[in-house]
Amino acid sequence: WHSYALLNYKFFEYGEKTKVNYAINSIEGFTKSICIGGKNMSKILQDLLLLLNIWFQVGMEESIDKLMNEKIDIISLDSWFMIIPQLLARINVVNPYIRKTLTSLLKKIGLKNPRILTYPLTVLQNSKSKMRAEAVSLILKEIKQEHEQLFKECELIINELNRCALCLNEEWIETIEESSKLFFQKKDMKNSVIILAIRDKDKLNLTCNNNSKFDVAKFALWPNKLG
């Protein structure tokens, strides 16, 4: 089945008109190969990664989406554990078919083994990407109901690690970079100032060059003046 799937995958890569047909054959082959892969972890991993590549390329097709939903239930969740980083990397995928199926898969993984997703999902929920943060919230909503205490403890640890690891200068450098992108690339002066103004608003003064003080409270009034 592995060889059959690989052959169809090669045709899938170079085919145009029959791309979806080769994708269906590849998905069928890789699924059977994964299910009977036994203890050959490297082979199962290769099959999963190729299956994932097909899914994210043509998963917007209704026939592929239906097939993937069927195969996800067939493949053991223990196998999906091996490619969690790859799944999380696509969590903000734009296509609604792929996003819905991916979200469903991650929910199943999280409900079976919450510890494997607790840390990465807790980190991702603070993502600056709105689409990514919303996708994570959908997944976490159901998992947190079953394992609320676990996520609370994880959030506490992550917040403390961030507080210890990130110094104020690093936070400001990152914020200034975001602000400059808005100002120079999108010509959005107002929001570029707002980002700077709300940065660390609980600390009203930032020491600059160990001599002068920058008053964030006064700077926070700038967006209103620009409005």
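Along the sequence shown, residues carry numbers from 1. These numbers come from the heavy atoms of this one structure, side chains and all, not from hydrogens, waters or symmetry mates.
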Euclidean distance, [Y] [atom2] relative to [X] [atom1], rounded to 0.5 Å:
| X | Y | atom1 | atom2 | value |
| --- | --- | --- | --- | --- |
| Asp78 | Ile44 | CG | CD1 | 10.0 Å |
| Leu111 | Leu106 | CG | CG | 11.0 Å |
| Ile34 | Ser76 | CD1 | OG | 10.5 Å |
| Ile98 | Gln57 | CD1 | CD | 10.0 Å |

Residues which pass side chain to side chain contact (heavy atoms under 4.5 Å, CB included) with [X], listed by chain and number, not counting sequence neighbours:
| X | result |
| --- | --- |
| Leu49 | Leu45, Ile83, Gln86 |
| Lys43 | His2, Ser33, Asn40, Asp47 |
| Asp73 | Lys108 |
| Lys71 | Ile27, Glu28, Thr31, Leu67, Ile74 |

Where is the tightest heavy-atom contact between [X] and [Y], given as atom of each residue plus distance?
| X | Y | result |
| --- | --- | --- |
| Ile24 | Ser63 | CD1-OG, 4.3 Å |
| Ala23 | Ile54 | CB-CG2, 3.7 Å |
| Ser26 | Ala5 | OG-O, 3.5 Å |

(message) Taking the side chain as everything from C-beta on, heavy atoms only, tell me whether Asn21 gets closer than 4.5 Å to Phe12.
(response) no
(message) For a 4.5 angstrom cut-off between non-hydrogen side-chain atoms, does Leu51 reach Met68?
(response) yes
(message) I'd like to know if the side chain of Tyr9 pairs up with that of Asn25 as donor and acceptor (distance under 3.5 Å, no hydrogens or angles considered).
(response) no
(message) Please determine whether residues Leu87 and Tyr97 belong to a single hydrophobic cluster, defined as Ile, Leu, Val, Met, Phe, Trp and Tyr linked transitively by side-chain heavy-atom distances below 4.5 Å.
(response) no
(request) Go through the steps to decide whether Leu77 and Leu105 satisfy the test side-chain contact (heavy atoms from CB on, under 4.5 Å), and finish with yes or no. (result) CA-CA 9 Å; Leu77 286 177; Leu105 173 58; 4.2 Å; yes
(request) Using the side-chain contact (heavy atoms from CB on, under 4.5 Å) rule, take Leu102 and Trp55 through it: C-alpha gap first, then chi angles, then the decisive distance, then the call. (result) CA-CA 10 Å; Leu102 178 59; Trp55 180 19; 4.0 Å; yes
Sidechain-backbone polar pair: [X] side chain, [Y] backbone, donor-acceptor under 3.5 Å:
| X | Y | answer |
| --- | --- | --- |
| Ser180 | Glu177 | yes |
| Asp65 | Glu61 | no |
| Ser79 | Ile75 | no |

(message) I'd like to check the ring-ring contact (aromatic ring centres under 6.0 Å, His included) partners of Phe56; sequence neighbours left out, ordered by chain and number.
(response) none
(request) Could I get the full list of side chain to side chain donor-acceptor pair (under 3.5 Å) partners for Glu70, not counting sequence neighbours? (result) none
